[in-house]
Structure formats: structure tokens, C-alpha cells
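Structure first, commentary second.
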Amino acid sequence: MENNSVHRTSVEYRRKKSAKEMRNQFLTFILMIFFTVISFVSVAYNDLFPSNFVAPFILLLAGIQVIFQLYYFMHASHKGHEMPMFFMYSGVFAAFLTILAFLTIVWW
Amino acid sequence: MSSIAEKRSVGAVLWEYLTTVDHKKIAHLYLFGGGFFFLLGGIEALLIRIQLLKPQFGFMSEETFNEMFTMHGTTMIFLAAMPLLFALMNAVVPLQIGARDVAFPFLNSLGFWLFFFGGVFLNLAWIFGDAPDAGWTSYASLSLFSEGHGIDYYTLGLQISGFGTLISGINFLVTIINMRAPGMTFMRMPMLTWTTFIASSLILFAFPPLTASIFFLMFDRLFTTNFFDVTAGGNTIIWEHFFWIFGHPEVYILILPSFGIFSEIISTFSRKRLFGYSSMVFATILIGFLGFMVWAHHMFTTGLGNVANAIFAVATMAIAVPTGIKIFNWLLTMWGGSIKITVPMLYALGFIPSFVIGGVTGVMQGIAPLDYQLHDTYFIVAHFHYVIVGGVVFALLAGAHFYWPKMFGTMLSERLGYITFVLFFIGFHLTFFIQHFLGLWGMPRRVATFLSGQGLDMGNFISSIGAFMMGIAIVIMLVNIVITTVKNQKVGNDPWEDGRTMEWALESPPVYYNFKQTPFVRGIDTYWIEKMEGNKGLTPAEPLDDIHMPNNTIMPVIISLGLFIAAFGMMYNPMNQVGDGKPWAIPVLIIGLCITFGTMLIRSIKDDHGYHIPKEELMNDKHKGGIAS
Amino acid sequence: MMAEEKYTPQTWPADPEKQTLEGRNKFIGFWLFLGGETVLFASLFATYLALKNKGTHVTTNELFSLPLVFVMTMLLLTSSLTSVYAIYHMKNFHFKKMQFWFFITVLLGATFLALEIYEFYHYVHEFDFGFTSSAFSGAYYTLVGTHGAHVLFGLGWITALIIRNAKRGLSLYNAPKYYVASLYWHFIDVVWVFIFTVVYLLGKVG
Amino acid sequence: MKKWILFIFIFFSALITTGCGKPFLSTLQPAGEVAEKQYNLFLLSFSVMAIVILVVVTIYVIVLVRFRRKKGDENKIPKQVAGSHKLEVIWTAIPILIIIGLSIPTVYLTFYFGDVKGMERVDEQGDPKHLVVNVRANLYWWEFEYPDLGIITSQDLVVPTGERIYFNLKASDVKHSFWVPSIGGKMDTNTDNLNTFYLEFDPEKSDEAGNIFYGKCAELCGPSHAYMDFKVKAISRDEFDRWVLAMQKNEEPELASELAVKGKQLFEENDQFSCISCHATTARDDRPEATRLGPNLADFGNRTRVAGYLEFTKENIKNWIQHPEEYKPGNLMYEKADFTDEELEALAEYLMSLKVQE
Ligand code: HEA
Ligand code: HEA
Ligand SMILES: [Cu+2]
């Protein structure tokens with residue numbers, strides 16, 4: 001293992017860093033709550049907004065929330081997540097194709 | 001069996017195999033399990049061909065015939081081809097990347113046992129009456145209509161074995177990502193490892209849709225839901241989409257590792273490194289990627305509309321490009337090489353023209369307006385047997401011969417190998433070539449019989465003869481295996497003499513910890529590089545140290561057994577569509593699930609740190625473990 | 001070896017979940033699993049969208065009530081934050097605090113689950129909207145129910161971790177386990193974001 | 001070995017041209033516009049593929065001849081070539097070009113065959129310009145309804161040659177697929193939607209083929225899938241119009257013999273089954289579709305096959321009525337009946353006298 005004193009300073013540095021990260025995460029959380037409230041409001045008072053605006057809008061908000069979850073809560077922005085993210089995005093790609101197909105070439 | 005095993009009692013050997021987590025032993029299990037199902041599927045194929053020997057033969061009833069090809073297709077794809085590939089992947093991939101085992105030895109074993117119990121469950125259908133009879137595709141309108149429990153065996157059996165496959169896929173992925181020896185960069189990995197990697201990613205993304213849709217079908221049949229029931233708002237096309245969203249990647253799951261096996265064999269026996277390695281890698285990735293965007297080419301006649309048909313047609317044909325890259329790279333690998341004709345090499349040589357024929361008929365089917373004629377005819381049957389038998393089965397047979405010494409320490413007889421190859425090769429073309437024309441002449445597939453006077457008699461007769469030649473070939477191979485095993489003549493590390501990748505630096509079969517010291521990789525074809533420099537083994541990347549090993553465990557068997565038991569409860573639950581619910585069903589279901597989840601809980605609560613082989617013991621071990629010195 | 005070693009806050013490494021080979025394997029393997037789960041849920045979503053309001057006597061518009069879903073959403077989102085807190089404390093080697101926040105996560109998750117069960121019960125009894133009523137109901141319950149089952153599994157898993165390790169404290173052996181459990185929990189939240197958007201909110205809009 | 005492959009190739013290529021397939025069934029002897037175009041597409045793609053195979057096999061043979069390990073070369077180490085940029089570009093580019101080339105007819109014909117706008121076209125009087133046939137596939141039998149003409153047939157589809165005929169396709173129980181190989185590619189009959197496409201029958205080719213084509217169900221639909229054949233009578237427009245008139249006028253036929261009269265009685269009421277409750281005996285069956293549970297028998301006497309595939313003989317009719325399950329397992333009529341021989345005789349006699357035209 002490393003030298004202890006070196007370690008201690010690095011521990012403090014790390015603590016600071018993760019405390020800062022924690023604040024960011026909390027901010028993210030507030031934003032997520034905010035987005036959620038907006039989504040619900042825009043639907044609950046749907047006479048305020050045209051529905052062909054609301055649908056893409058709340059989907060966009062959902063998309064942003066997912067990015068938040070992935071990159072802030074699940075630390076996908078940290079080093080060592082290249083492979084996981086490669087596979088996640090491949091999965092998203094397959095998911096997208098599936099949903100697209102089911103919205104277009106499944107008839108009723 | 002290996003020599004160590006022979007000295008112990010049968011019970012001990014059996015227990016060893018039930019509890020093993022060693023990838024090499026699991027490879028044996030996959031080989032025997034998959035081999036067993038291959039014979040079963042082959043016998044079913046022969047029965048199909050007997051029934052179609054002449055018009056209106058009446059060798060078996062129409063119901064039985066439908067069950068026969070359904071089980072043939074399902075068994076061959078899910079229970080024979082894939083597990084046999086897993087056998088070779090398990091046996092070889094960890095060695096190729098310089099790992100002591102896979103990333104999750106426990107899950108490796110669990111994957112096998114899930115496959116095995118799922119397969120057994122599916123095949124119990126033969127014993128308990130109705131076997132599935134709606135085709136391996138089980139299109140929803142028919143599979144809901146199907147009487148008896150046949151389709152339930154299909155859904156439950158495939159569900160169980162599907163979990164196993166998914167687990168194995170993830171396991172290979174993590175192994176390849178994390179367990180590579182120092183210096184083994186991605187762009188130095190042997191082709192079999194690369195194709196395993198890509199095929200495993202396809203498994204990861206293709207099996208979940210299958211899982212979902214099989215659940216729907218199961219719910220519809222066992223719990224009267226309405227996913228596919230048109231009268232209650234359901235939609236049968238959903239099933240078709242899901243099946244092929246899974247099904248098309250599935251065929252690449254089969255063929256990519258086969259390509260990998262051939263890549264190894266061709267470069268070994270040409271004594272040349274693989275031509276265009278990076279484009280081979282690129283082509284593999286591209287095939288995997290495109291493989292997800294073409295599924296609707298199985299549904300050109302479903303009525304998806306012109307736009308969809310046109311898009312999927314073009315996307316389908318595009319796959320010819322990366323596949324072509326591979327074909328030409330193999331040819332150019334041989335070009336300028338020093339080609340030695342051995343049994344594995346013969347299969348590789350047989351593979352190239354056979355697969356190209358199958359591939360180009362695939363492209364013809366990809367031409368949507370032409371596929372309106374070809375779809376659901378024997379032309380399709382011909383196409384996919386050309387790619388599957390000419391590609392995958394050839395690869396399996398080639399791989400079995402090639403890696404036999406590495407897996408069992410003995411060499412299969414060359415002479416019998418030649419005979420097997422010649423018979424199989426001729427029989428294969430005899431069986432399936434004519435089927436292109438049967439299809440073009442108007443013979444639909446999946447017909448229990450055909451009428452005379454429609455010009456189909458001769459073709460079917462020829463086809464059946466060919467099938468029997470393949471049967472004889474396989475019997476000869478079995479004889480070969482038995483003779484070789486009885487003789488038990490041990491071979492050295494590099495029995496083919498031209499081995500290039502790391503597995504050939506190890507003993508045959510490798511010692512249970514594979515590498516005494518983790519090797520250091522200095523380039524593509526590690527062992528070849530060392531050999532060329534006159535070294536007797538690999539360069540170690542670390543000093544000799546204790547080796548950490550996982551413990552054997554019986555839990556995977558119990559977990560799988562639990563699901564196997566639960567499946568019966570599920571099938572006979574009181575709500576099932578057949579209406580023969582049993583009072584014991586729900587308790588059995590619960591007991592089964594408790595066994596499974598209980599064992600899983602125990603597994604996660606009980607610490608299992610494995611054990612260590614002390615350095616001293618390793619120093620005294622006569623095994624070299626692949627390392628020079 | 002390394003896995004069983006005792007640590008102090010000073011010696012505790014930066015990425016405890018990735019210190020051992022087992023940990024790294026778990027880490028990658030679990031992410032890959034989540035990639036597969038993405039496709040699984042996409043399949044369920046696709047089916048739901050294809051069968052939405054098909055063959056049913058009650059439509060999404062009549063069925064869903066937003067206040068309940070809003071509360072559920074808040075619970076689950078918050079539980080995501082609490083599990084972030086837990087991991088934060090894990091990284092700082094504060095075992096007790098980590099356990100505490102995971103415990104809060106479980107509580108929130110359990111409340112969510114209870115509300116979901118109530119919701120299903122409500123649909124079945126008030127609207128006669130059962131699993132087998134129509135193609136739509138089947139697709140709805142399968143999608144939301146599969147998510148619910150994931151929540152249930154997650155609860156069991158985290159609870160087991162909390163109990164099992166209560167006396168042992170943090171080690172490099174169990175840190176990866178906590179870590180992937182929290183990944184799983186976030187993933188459940190991701191799925192829920194889409195469920196409340198696509199199923200409930202768009203059910204009210206469309 | 002390779003010569004051997006070449007040999008079978010030539011042998012089988014010879015087989016196509018000499019025509020092992022039958023003109024009433026083979027896709028290689030097209031008898032209509034759609035099949036013709038598809039056949040041309042087949043020839044085109046087949047030639048391209050033959051060239052591809054030829055190229056591969058040529059390189060392959062050269063390699064095998066030139067680079068086998070010879071005696072004395074056991075220790076020779078060939079040059080370890082990594083690759084060749086130029087070659088790789090070539091064999092990537094050429095297939096791409098081939099694929100682009102093939103895509104053009106592919107896309108063009110996809111839209112060409114998929115164009116069913118003609119279905120709704122009407123002439124000056126507002127009458128439909130083209131013949132439209134509603135095809136309904138059922139477990140092992142086919143119903144053909146001519147909605148604009150108000151008539152229904154089963155098992156035997158009758159069409160005029162030399163014009164486009166539009167089809168509405170659907171299935172009433174499980175998925176089937178409608179296919180007349182020598183006339184054109186297939187289209188599925190789904191349970192949950194209506195598919196549409198068109199076919200055209202060539203007058204001369206129809207004559208050559210004896211005016212009868214074989215149609216098949218191309219989608220696995222259960223045990224009797226193999227027996228779900230139908231016939232297409234392709235006749236000139238004049239003949240067709242006469243047939244339509246006769247069908248539209250079709251009343252209960254006058255029964256010539258006593259036996260037939262007895263058969264009719266039995267058909268309408270007997271203590272086992274009520275045949276009439278499922279089968280209509282006139283071509284103008286205006287009951288709703290869901291109640292048309294069995295094939296329409298109006299023109300039964302003119303059928304060429306019993307149950308779609310058995311030779312049209314009295315014996316076969318009797319056997320079929322008595323033991324349908326033996327001939328088409330899984331069919332929805334009944335498993336077997338218990339008619340006496342006289343009853344069977346009478347029923348068969350009656351059925352054979354059901355003809356709308358002589
Ligand atoms: C290992 C299995 C495997 C493989 C590798 C393939 C490979 C391909 N398959 Fe096949 N296929 C199946 C297994 C497989 N298939 C199965 C099992 C079915 C039937 C399922 C069922 O219905 O039960 C099926 C069905 C099937 C269909 C549906 C037919 C129908 O039901 O109507 C289609 C249609 O497009 C198709 C196309 C293709 C194509 C384009 C390829 C391509 O990947 C082939 C690419 C290869 C080449 C083209 C040859 C080499 C290339 C060159 C030498 C370069 C130059 C070539 C050109 C420019 C053309 N396949
Ligand atoms: C991996 C996949 C795979 C493999 C290897 C094969 C191998 C073979 N298949 Fe295929 N087949 C499918 C996958 C496969 N098949 C699929 C997916 C379908 C579609 C099913 C459907 O429509 O739903 C199908 C359908 C199918 C049909 C069409 C059925 C129909 O549509 O009606 C036919 C007909 O000829 C056929 C024949 C054969 C033959 C002769 C072989 C031969 O190559 C088999 C060779 C092997 C043997 C001959 C084994 C011999 C064994 C012994 C001799 C045992 C003796 C020893 C002991 C008892 C110890 N198969
Ligand atoms: Cu495909």
C-alpha cells in the first residue's frame with residue numbers, strides 16, 4: 001500500500017471531491033423533481049397546452065432525467081465506464097428500434 | 001474423459017461434474033449435453049426425411065410430423081448448435097486470452113444447468129404426450145390454437161434455457177473485457193475470442209425480446225391473458241416481430257463463433273497470420289450491428305407495407321458486404337500460405353463454397369419482391385441449412401476435431417475423420433441443394449406430405465438419401481470418438497504443430513489452473529511469436545505466486561432444478577388453457593420457486609472466497625502451465 | 001485475500017467497488033445486465049404501446065389518477081437520492097451512515113410498492129380491470145408489474161445486504177455488492193421515469 | 001470434390017430448363033405478370049449470385065492448387081502478411097456496388113407489386129374497374145367472395161385471364177398464406193388485418209397449363225396444412241362473365257334422380273348433423289361471414305378435387321363425408337360420421353349434382 005501520509009492528504013482531497021459531487025447530485029435531484037412536477041402539471045392542466053406539444057415535451061423531460069440518473073447518480077461520467085456505456089447505448093439502440101417498429105409496423 | 005478422472009470412481013466423477021465450476025469441465029458438459037441434443041435433433045431430421053421420402057408416405061401422422069420438425073428446429077438451434085458453440089468457447093476462450101477461468105465460474109455452471117434442465121423439460125414433451133407443433137417460430141395464432149400442452153413445453157423449456165444462455169453471454173462478455181492477460185489488447189485478441197465477444201453481445205440484446213414474448217405466449221396459454229387474442233384486442237404480429245427481433249440476431253449468434261473457429265483453423269493450417277485482421281474485426285462488429293436491423297425480412301409477406309419491406313430488403317442485402325470481407329480474407333489467408341490438409345482444415349475448406357452458396361441465396365431472399373415467391377418454401381429450408389449446416393455444423397465438427405486434443409488430450413483418428421467429412425459433405429449437398437428447386441417448383445415448407453404428380457417426387461427422394469449419408473457420417477464420428485477414447489493416446493501441447501494462439505502453449509488438457517503464471521502478450525498470435533523466437537512457452541507477466549481458485553458447488557444444479565420443478569406447477573395451474581389444471585400445481589410451483597430463490601439467497605449470504613493454491617505447491621507441480629522455463 | 005482485509009477510513013481506497021477482480025467483474029457484468037434489461041423493458045413498452053386501449057372497456061384516460069402516480073414518483077425519485085447518499089458514505093467508509101441511507105431507501109421503496117399494490121387493487125375492484133380483462137390490461141400489468149417485481153427484488157436484495165453485513169462492516173468483499181445494488185435501484189428509477197411519462201402522463205394526454 | 005460441385009450445379013441448372021416442375025405449380029414457369037417479373041428478378045439475382053460464387057470458387061481453386069504444403073516444405077514458414085489495403089477496398093467496394101445494383105429493382109418492384117390503388121378505381125358509371133376477390137382462409141379450406149358480383153365460391157377460385165385481379169386477404173381462425181406459385185408470390189392471410197395485393201393470369205400460358213392452377217397454403221396452420229390446396233380456374237373474360245351470370249342466377253338445382261332428392265333431404269336434416277347449417281348450396285350466400293362455417297358447395301359438382309386435394313370421385317366424396325378426420329386431421333367439420341352406405345350414396349349423388357353450369 002501507499003505511504004500513509006500521502007494517503008491522508010489524498011483522502012482529504014477525495015472527501016472534498018466527493019462532497020462536491022454530492023452537492024451536484026443533490027442539485028440534480030432537485031432538477032429532477034422540478035422536471036417531474038412540470039411534466040405532471042403540463043398534463044394535469046392540459047387545457048393550457050396543446051397535446052401535440054405536451055407529448056414530445058414530457059418525453060424530452062424524461063430523457064433528460066435519464067441522462068441525469070445515468071451520469072450523476074450512476075456515475076457514468078467517471079472513468080472506467082466506457083464499456084458499460086457502450087453496452088448501454090447499444091441496448092438503447094436495440095430498444096429504440098423495437099419501439100419504433102411497434103409504433104409503425106404493427107397494425108391494429 | 002481425462003486421465004485423472006478415470007482413476008476415480010464413477011460416483012466421484014459424476015459429483016465432480018455436477019459441482020464443477022471449471023470452464024474446461026463445463027466445456028465438456030456443454031459438449032456432451034449439446035451433442036446429445038444434436039443426435040436427438042438429427043434423428044428427428046432423419047424421421048422428417050423418411051416421411052418425405054415419397055409422396056403421401058404415411059410413415060407418421062400429420063400431427064407427429066408437425067411435432068417432429070418443430071422439435072427438430074427448436075432442438076437444433078437452442079439445444080444443439082448454441083450449447084456446442086458454448087462448449088468450444090468455454091474450452092478455448094479463457095485460454096486464448098490468458099485467463100485462469102471465466103469471470104463468473106459460478107454463473108458459468110448455472111448457465112449450463114439452466115440450459116440442460118430447460119432442454120430436458122422441452123424434450124419431456126415427447127414422453128408425456130403432446131410435443132410443440134407450431135414450428136420453431138410458434139407463430140401466435142397457431143400456437144394459441146394448438147391443443148394439449150405442447151406449446152407450454154416450448155415456452156417453459158425455452159424460458160429456462162434462455163436464462164442460461166443470457167447468463168453465459170454476460171459471462172463471456174465480462175471475461176473478455178476484464179480477464180485478458182497483460183498485453184492482450186482488444187486488437188490482439190484471437191478471432192474466436194472476438195467473435196465470442198460479439199456473439200455474446202448479440203445474446204445480451206436479442207434474448208430479452210424473446211424472453212418477453214415467450215412470457216406473453218405463456219401468459220396467454222396458461223393464464224388466459226389476451227396479448228395475441230385478436231378478439232380481445234390482441235395482436236399476433238407482435239409475436240412475429242419479437243420472434244424475429246430475436247431470431248435474426250440468433251442466426252448470427254450461431255454463425256459468428258463459427259467464423260471465429262474457421263479463422264483459427266484456416267490461419268493455423270495455412271501457417272499464416274490471419275489476413276486483414278482489423279477488417280475481420282470490423283466486419284464482425286458490423287455484422288452484429290446490422291443483424292439487429294433486418295429482422296423483418298422474415299415477414300415480407302406479412303403485409304407490413306411497401307416502405308418497411310423496401311427498407312428491410314436493402315438493409316438485409318447490406319450484410320453481404322461484411323460477410324464478403326470475411327470470405328475474401330480467408331481466401332487471402334490461404335493465399336501464399338503452406339496449406340496442410342487436416343480434418344479440421346477439410347471442414348474449413350468445405351465451408352467456404354457451401355456457406356457462400358447459402359449466403360447468396362440469403363441475399364436473393366432479401367430481395368423482397370422475389371421473397372414473395374420464396375418465402376415459406378423449401379428454398380428457405382435450403383438456404384438456412386446451407387448456412388447452418390454448411391456454416392455452423394461444419395464449424396462444430398471442425399472445432400471438435402481441432403480442439404479435441406486440447407479438451408481431452410487425445411487425437412481423433414484422421415482416417416475416420418476423412419471418411420466422416422466426405423460422407424457428410426456429399427450427403428449435405430445432396431440433401432439440401434435440390435431443396436432450392438423443390439421450393440421453386442412450388443413445394444411449401446412444413447408440409448407433412450406432398451402429392452404425386454406435382455413434380456416433387458424425385459427431388460424429395462434425393463434429399464432423403466442425402467440425409468442418410470449425413471447420418472452414417474455422424475455414426476462414424478461417434479465410433480471415432482469411442483475408439484479414440486478407449487485408445488487414450490496422450491498428445492503434447494501443440495499436437496497440430498502449427499498452433500498460434502495461447503491455448504496451444506498449454507498442456508493438453510490444461511492443468512486446472514490453466515496458467516501457472518499469467519502470461520505476457522506481445523502481439524497477435526502470442527504463442528507463434530514465442531515459437532518463432534525459439535521459446536518453449538509463454539513469457540510470464542508476473543512472478544510465481546499463490547493462485548486463487550473458486551470452490552466447486554452444487555448450487556447451480558439446485559437452482560436450475562427448482563425452476564424445472566416450478567415449470568410443472570406452472571403448466572398444470574388451474575387457469576391453463578387446456579383446462580386440465582391439477583390441485584398440486586400451485587404448491588409445486590411455489591416449492592420450485594422456493595428452491596430456486598432460496599438457493600440463490602443462500603448463495604448470496606454465504607461467503608465463498610474460494611481457496612488458494614500455495615506457491616510452494618505450484619513450484620513442485622510438474623505441470624508447466626504454459627510458461628517457458 | 002484483499003477482500004477480507006480490515007480497513008480504516010484512511011486506508012479505504014477511492015473506488016472500493018473496483019479494487020478486487022471480483023468487484024470489477026461484478027461491476028461490468030452488472031452494467032451489461034442493465035443493458036439487457038433495457039431491451040427487456042423496451043419490449044414491454046413496445047407491447048404496451050401497441051396494445052394501448054385495445055379491447056378494453058376502460059381507457060387510460062378513465063383509469064389513471066395522477067395524484068397517486070405523482071406521490072409514487074416522488075417516493076421513488078427520493079429513494080434514488082437516498083441510495084446515492086448511501087454510496088457516498090460507502091466511499092467515505094461510513095458504514096453506519098451507509099446502512100442508514102440504504103434503510104431509508106428500502107422504506108421509500110416499500111411505500112412505493114404498497115401504493116402500487118393499492119393501485120392495482122383499485123383498478124381491479126373499481127374498474128373491473130384485471131390482468132386477463134383485455135389485451136390492454138395484460139400489457140399494462142405486465143409492464144408496470146414487471147417494474148414492480150424489480151422493485152420487490154431490489155428491496156429484498158438491499159435488505160439482505162443490510163442484515164447480512166450489519167455485524168461485519170464494510171470490506172472490499174461487500175462494497176461491490178452494495179454498489180451494484182444501488183446501480184440496480186437507479187435503473188429501476190430510470191424505468192419508472194419512462195413508465196410515469198409514457199404510461200400515465202401520455203395516457204392522460206393521448 | 002470441387003468438380004463434383006460444379007457437376008451438380010450443371011446438372012441442376014439443366015433440371016430447371018428441362019422443367020422438372022409442373023406448369024400449374026412451378027414458379028419457374030410463370031403464367032402471369034407478377035410471377036413473370038418475379039421470375040426475371042430470380043434470373044437476374046441468380047446470375048449475379050452465380051458470378052459471385054464463380055469468383056469465390058476460382059480464387060479458392062487457385063489457392064488450393066498453388067499453396068498446398070508440398071513434400072520438403074514441412075519447415076517452410078510463409079511470409080506473415082498482415083493484409084492489403086488495396087485488396088480490402090476492392091472487395092468491400094464491389095459487393096457494395098452489386099448490392100446497390102440489386103436494390104434498384106428490389107425497391108422498384110416492392111412498390112410496383114404493392115400498388116393496390118387500382119382496387120378502388122371505378123369507371124364512368126361508378127362501377128369498379130377491376131375484379132376484387134375477398135379471400136378468407138379457414139382451417140383447411142378457402143372461401144372466395146366476389147363482393148361486387150354478390151357471389152361466393154369455395155376451394156375453386158375462378159378468374160378471368162388477361163387482367164389484374166385484386167385480392168383482399170384475411171383468415172378467420174389462424175394465420176394462413178395465399179399462394180398460387182405460377183401466377184405470383186404469396187401474401188399472408190392474417191387474423192388481425194386485411195392484406196391486399198393483385199395477380200394477373202396470362203391467357204396463353206393459362207391455356208398451356210390447362211386452365212387450372214394449383215394454389216397452396218404457405219403458412220403452417222396445423223396438421224392438415226399440407227392438404228390446404230385450392231384450384232384456380234383461369235378462363236377468358238367471356239367465359240368468366242357467363243360463369244358469373246350462372247352463379248348469380250343460381251338457384252337450388254333441379255334434382256334429376258330420386259337418390260339426389262333423398263340426398264338433399266339428408267343434407268338438410270339428419271339425426272347426426274345438419275350440413276346446411278354450415279354449408280350453403282347456392283352461390284348467393286348472404287349470411288354474415290362468421291356463420292359461414294363450411295365451404296360453399298354451390299358448384300360442388302364442377303370441382304376438380306374433393307377436400308381440396310383428393311381425386312374427384314364419388315368414392316372419395318363418400319369417404320370424406322364419413323371420415324373427414326382421416327383425410328384432413330384437425331379439420332373443424334367433425335371427426336367421423338355414422339351414415340349408412342345408402343345415405344352416403346344419396347349425399348354424394350346430391351352433392352355431385354350441385355352445378356351452376358354444365
Ligand atoms: C447461421 C444461420 C444463418 C445465416 C448466417 C444467415 C444469413 C443470411 N440470411 Fe438467413 N436464415 C436463417 C439462418 C441464417 N441466415 C434461418 C434459420 C432462416 C429461416 C428461419 C425460419 O423461417 O424458420 C433464414 C431465413 C432468411 C430469410 C427469410 C426468408 C423467408 O422466410 O422468406 C432471409 C431473407 O432475407 C434471409 C437472408 C439472409 C441473408 C441476406 C444472410 C446473409 O448474412 C448472408 C451473407 C453471406 C453472403 C452473401 C455470402 C458471402 C459474401 C460474398 C462472397 C460477397 C459477395 C456477395 C454479394 C455481393 C451478394 N435468411
Ligand atoms: C442448427 C440447426 C439445424 C441443423 C443442424 C439441422 C440439420 C438438419 N435438418 Fe433441419 N431445420 C432447422 C435447423 C437445423 N436443421 C430448423 C430451424 C428448421 C425449421 C423448423 C420449422 O420449420 O419450424 C429445420 C427444418 C428442417 C426441414 C424442413 C421441415 C419442414 O419444413 O417440413 C428438413 C427437411 O428436410 C430438415 C432436415 C435436416 C437434416 C436432414 C439435417 C441434417 O444435417 C442432420 C444431420 C444429423 C444427423 C443425421 C444426426 C444423426 C444421428 C444419428 C445417426 C444418431 C445415431 C446415434 C445414436 C442413437 C447414439 N430440417
Ligand atoms: Cu434473418
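For the numbers below, each heavy atom of this structure counts, side chains included, while hydrogens, waters and symmetry mates do not. The chains referred to below are lettered A, B, ... by the order of the sequence lines, with proteins before strands, and numbering in each begins at 1.
Remark: B/R180 qualifies as a cation-pi partner of B/F186 under the 6.0 Å distance and 45° angle criteria applied to the six-membered ring.
Of the listed residues (C/L40, C/N165, C/T146), the greatest number of heavy-atom pairs within a distance under 4.5 Å of chain B belongs to C/L40. For chain B, the option among C/S133, C/G130, C/G35, C/S134 with the highest count of heavy-atom pairs below 4.5 Å is C/S134. Note on C/T132, C/I163, C/L161: by heavy-atom pairs under 4.5 Å with chain B, the leading option is C/T132. Across B/I170, B/T175, B/I167, the residue that shares the most heavy-atom pairs under 4.5 angstrom with chain C is B/I170.
Contacts with chain C (heavy atom to heavy atom, under 4.5 Å) involve these residues of residues 225-233 of chain B, listed by number: B/T225, B/N226, B/F227, B/A232, B/G233. Of all residues in residues 237-250 of chain B, those placing a non-hydrogen atom less than 4.5 angstrom from a non-hydrogen atom of chain C are B/I238, B/F242.
Listed by first and then second residue, the side-chain hydrogen bond (donor to acceptor under 3.5 Å, both in side chains) pairs involving residues 32-41 of chain C are C/E37-C/H150 (not counting sequence neighbours). Within the structure, side-chain hydrogen bond (donor to acceptor under 3.5 Å, both in side chains) contacts touching residues 106-119 of chain C (residues at least two apart or in different chains) are C/E119-C/Y123, C/E119-C/Y140, C/E119-C/Y200.
Separation of the C/W192 and C/F112 ring centroids falls under the 6.0 Å cut-off. Checked against the 6.0 Å centroid criterion, the rings of C/Y178 and C/F102 qualify as a close aromatic pair. No close placement of the C/Y48 and C/F45 rings is indicated, their centers lying 6.0 Å or farther apart.
Contact record, C/F136 with C/K52: CD1-CA, 3.7 Å, taken as the closest heavy-atom pair. For the residue pair B/M179 and B/A99, the shortest heavy atom distance occurs at O-CB, 3.5 Å.
Both the backbone and the side chain of B/L204 come within contact range of chain C, judged by heavy atoms closer than 4.5 Å. For chain C, no part of B/F215 is nearby; none of its heavy atoms comes within less than 4.5 Å. For a residue to count as touching a neighbouring chain, one of its non-hydrogen atoms must lie under 4.5 Å from one of that chain's; by this rule B/F219 touches chain C with the side chain only. For B/D220, no part lies under 4.5 angstrom from a heavy atom of chain C.
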Can you check ring-ring contact (aromatic ring centres under 6.0 Å, His included) on C/F196 and C/H147, steps first, answer last? CA-CA 11 Å; C/F196 88 68; C/H147 175 264; over 10 Å; no
Assess the residue pair B/M549 and B/D22 against the criterion (side-chain contact (heavy atoms from CB on, under 4.5 Å)); give the C-alpha distance rounded to whole Å, side-chain angles, the decisive distance to 0.1 Å, and a yes or no. CA-CA 9 Å; B/M549 297 295 289; B/D22 177 355; over 6 Å; no
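Between B/D607 and C/R164 there is a salt bridge, with a side-chain nitrogen of the basic residue lying less than 4.0 Å from a carboxylate oxygen of the acidic one.
If you check the side chains of B/N90 and B/N108, you find a donor sitting under 3.5 Å from an acceptor.
Atom-to-atom distance recorded for B/F216:CZ and B/T155:OG1 is 13.5 Å, nearest 0.5 angstrom.
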